Amino acid sequence: MDKLPELDLIWEQTLGWSPTPAHKNTFEQLYQEILEANRQFNLTRITSPRDFWEKHLWDSLAGVISPLLPRDQPLQVIDIGTGAGFPGIPIAIAFPHWQVTLLDSTRKKVNFLNNLSQHLHLTNVKAIAARAEELQKDQQYQNHYDLALIRAVGSATVCTEYTLPLVKKGGLAILYRGYWSVEENNELDKNLTTLSGKIETIQELTTPLSQSTRHYLCLRKV
Ligand code: SAM
């Protein structure tokens, strides 16, 4: 059976955060459950232990380990277009005092995620089947979250349109991007004012195993 690599030093050196033995157990369980479910239906193409560690675990946490985020406070978080639970699930494991809502338009994925959360004893996670455009019309969810996350769902403008309406004033949206160009930046800048947002920071990191570029755009709702 393939197991996740032990890369404690890399966590510490790159993100200044180290998983506890309990975190590592739950990450391993998460990995095994996803591999198992992947045999029944297509959840993710990232399945080798090192790829899973880097592209699903490390990348998910890299987006939120930032001085801008009050890590010790109990935040209301939503992960939009979560798919197999990324970045939301690793974040819920690492920060059990954050309440994490996983949103996806595919019912089958949401059912999987609710079962997975039960198996992993993640009492701070709930998954909802809905489209982001629909959810933001619902008063219960509109302007509700401290933090909205989105990875691999569409253009930066679309990601902003999906996230910011769900974030409360003063809250943050984090867009997980690979390559980031001046053109994308200009396009986003043009659309941000109508969505009551501003770019707070853009963090560029190199992934520790395959040396790929990642950008984490942090937007503030104003
Ligand atoms: N965020 C995950 C990741 O990075 O591994 C999954 C990315 S996957 C490419 C995109 C996911 O977004 C799919 O699971 C899809 O069902 C969901 N999705 C696409 N449009 C959506 C929308 N408007 N509202 C909610 N979910 C959406």
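Since we're looking at a predicted model, the values are computed, not measured. For ligands, and for the atoms within them, numbers begin at 1 and follow the listed sequence.
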Mind checking side-chain contact (heavy atoms from CB on, under 4.5 Å) for K24 and listing every partner two or more places apart, or none if nothing turns up?
E6, D8, P19
Using ring pair (Phe, Tyr, Trp, His ring centres under 6.0 Å) as the criterion, list what pairs up with F52, not counting sequence neighbours.
Y31, H56, F86
Under a 4.0 Å N-O cut-off, is there an ion pair linking D51 with K55?
yes
When you look for protein heavy atoms under 4.0 Å from ligand 1, which residues do they belong to?
H56, G81, T82, G83, F86, D104, S105, T106, K109, A130, R131, A132, E133, R151, A152, V153, Y162
Find out whether E200 and K198 are in side-chain contact, i.e. whether some heavy atom of one side chain is under 4.5 Å from a heavy atom of the other.
yes
Donor-acceptor contact present, side-chain S181 to main-chain E184, <3.5 Å:
yes
Let me have the donor-acceptor pairs involving side chains of residues 9-18, under 3.5 Å, with sequence neighbours excluded, atom names and distances please.
unit_1, atom_1, unit_2, atom_2, d
E12, OE1, S18, OG, 2.5
T14, OG1, I10, O, 2.6
T14, OG1, W58, NE1, 3.0

